[in-house]
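Working notes, structure below.
Positions are given from 1, in the same order as the sequence printed here.
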Amino acid sequence: MGGRPSSPLDKQQQQHLRGQVDILMRNFLPCYRGQLAASILRQISRELGPQEPAGSQLLRSKKLPRVREHRGPLTQLRGHPPRWQPIFCVLRGDGRLEWFSHKEEYENGGHPLGSTALTGYTLLTSQREYLRLLDALCPDSLGDHTQEEPDSLLEVPVSFPLFLQHHFRRHLCFSAATREAQHAWRLALQGGIRLRGTVLQRSQAPAARAFLDAVRLYRQHQGHFGDDDVTLGSDAEVLTAVLMREQLPALRAETLPGLRGSGRARAWAWTELLDAVHAAVLAGASAGLRAFQPEKDELLASLEKTIRPDVDQLLRQRARVAGRLRTDIRGPLESCLRREVDPQLPRVVQTLLRTVEASLEAVRTLLVQGMDRLSRRLRQSPSGTRLRREVYSFGEMPWDLALMQTCYREAERSHGRLGQLAAPFGFLGMQSLVFGAQDLAQQLIADAVATFLQLADQCLTMALNCDQAAQRLERVRGRVLKELPEFEGDVLAVGSQALTTEGIYEDVIRGCLLQRIDRELKKTLGANDVSCTLDGCLEVPWEQEGADEETEAEREGGTCPRQPGSGAQIQPLCPLPSQGTFQS
């Protein structure tokens, strides 16, 4: 593993990359500006539209998604030539991994030996699987590793490995001392990877939605119409991934033949070169977005002032344009949908629903177990200290990686089924869907826990004995569980565009697709006797004349007012209680 480029990037290469980043920003920012207007219009129409009547729904948890800090000793393959060396590793709450020479260095506030944001990494715990992946990086060199030095370190079996692989970054190779430590690190690292990856998807800020739409449109203008996982990460990380995918073929053709070393040493050197390129592109993208920030802030404020007074007129104008476009393309579009979409739709719907349904069933089971455990503790041991400890543990359940693993595992198992959509549909966004299902499970657990604790605090008083209190908790349990099925249609929620011909045209086509998805979902869910509130939700956004008759959030292709992460206010089942035993 000793082969590496003598200099990762020379001045000419660095200058070339800066030029490529400048071109990317010049082409991307006009898309971003246009989508900021669309996002502001969407937000204002949601605010001014009629609100959904208050009903019995889960409260919105106020706790933000996070990763529990995890730390402990590991060994790392590092240095030139690489050697297994002891380190002290720390996973921060924001999903950033740091490693120090020893524990005291960390405790004394010293600088880490290295650090990385976990965005885009994949965790492997099989040495054989990792070596196959490493061999695939330089397929022309397969078999060359027989010529490497006999003490090639990755040939030595590693008992409890933790390999972090990235498409565009240096691989990180760690090893734990025990299987238990490996398991704990695996859960922590997977949580950090997901938290970093879905930061934009979870955001309710108009700029975040605008950015994601702008990336999609930019890539369509570049000829990419498929779906993949490029939008995982922060805004700068997403733009970096976009440019790295564009540049990778040329980079491989120009530099891979010149790398020294052979076999896996050459593959290792290739990852180091990619890491240098990625760092340079990320720095350029971050600088470009920072430079755009003052203009973006000013633009958002200006759009708010200009769009809000005329929002009704803008929505009516949009509806008229959409109506004309729909009339013009209805015949060819219907023919295309019947030929290309209708035969495949049942398969797609079944695949996506199975991804979510298994996770939601695990959510229900986990909630039942947690609420039942609280009731048992209340009956068996009325000690206030013991009960408060149980309540705290219950309140922390959404952030307990070991407990939530039962829900997350169900989504991970669907990765293979989702991969079957790649060949017929060109769909490569499996990881995004898996992360989305896991985020949904975590948000549901958090909301259900918050609802249960608030209602329990409302109905329990000091005058009740243990049996009476347990009976009231049982009623609260039933009310919380009753709300869970309402979320099962949200996996297919879709965004919309604003007042550009391209955006309206896309919405018209999407609207026809959503009508078919609506019918197929109702048929499938009805056949399975599953409760799902989908009526009127999968329609063309802002389609009707006089768009104030329906909230824009309800028209975005899913049950948005009920969707975890929605900006709509969820009304509580009971008035907010004062602080008490069951407020965690």
Is any NZ, NE, NH1 or NH2 atom of the basic residue among R209 and D213 found under 4.0 Å from an Asp or Glu carboxylate oxygen of the other?
yes
Between the side chains of D228 and R219, is the shortest nitrogen-to-carboxylate-oxygen separation below 4.0 Å, so that they form an ion pair?
yes
Whether [X] side chain and [Y] backbone form a donor-acceptor pair below 3.5 Å:
{"X": "E272", "Y": "R170", "value": "no"}
{"X": "R68", "Y": "A188", "value": "no"}
{"X": "N108", "Y": "G110", "value": "no"}
{"X": "Q15", "Y": "Q12", "value": "no"}
{"X": "Q165", "Y": "T122", "value": "no"}
{"X": "E410", "Y": "A358", "value": "no"}
{"X": "Q35", "Y": "F211", "value": "no"}
{"X": "T271", "Y": "W268", "value": "yes"}

Could you go through the side-chain hydrogen bond (donor to acceptor under 3.5 Å, both in side chains) check for T125 and R186 one step at a time?
CA-CA 8 Å; T125 56; R186 179 175 65 84; 5.5 Å; no
Q20 and Q247 side chains, donor-acceptor separation under 3.5 Å
yes
If you measure only the distance, is there a donor-acceptor pair under 3.5 Å linking the side chains of Q201 and T198?
no
Minimum heavy-atom separation for [X] to [Y], with atom names?
{"X": "L366", "Y": "C407", "answer": "CD2-SG, 3.9 Å"}
{"X": "H171", "Y": "H166", "answer": "NE2-O, 3.6 Å"}
{"X": "A402", "Y": "L187", "answer": "CA-CD1, 3.9 Å"}

Could you please spell out the steps behind the side chain to side chain contact (heavy atoms under 4.5 Å, CB included) verdict for T116 and Y121?
CA-CA 10 Å; T116 188; Y121 278 97; 3.5 Å; yes
Classify the ring geometry of Y32 against F292: parallel below 30°, tilted from 30° to 60°, perpendicular beyond 60°.
tilted
Between T365 and T406, is a side chain to side chain contact (heavy atoms under 4.5 Å, CB included) present by the stated rule, with each step listed?
CA-CA 9 Å; T365 300; T406 58; over 6 Å; no
Close side-chain approach of R252 to W270, heavy-atom, < 4.5 Å:
yes
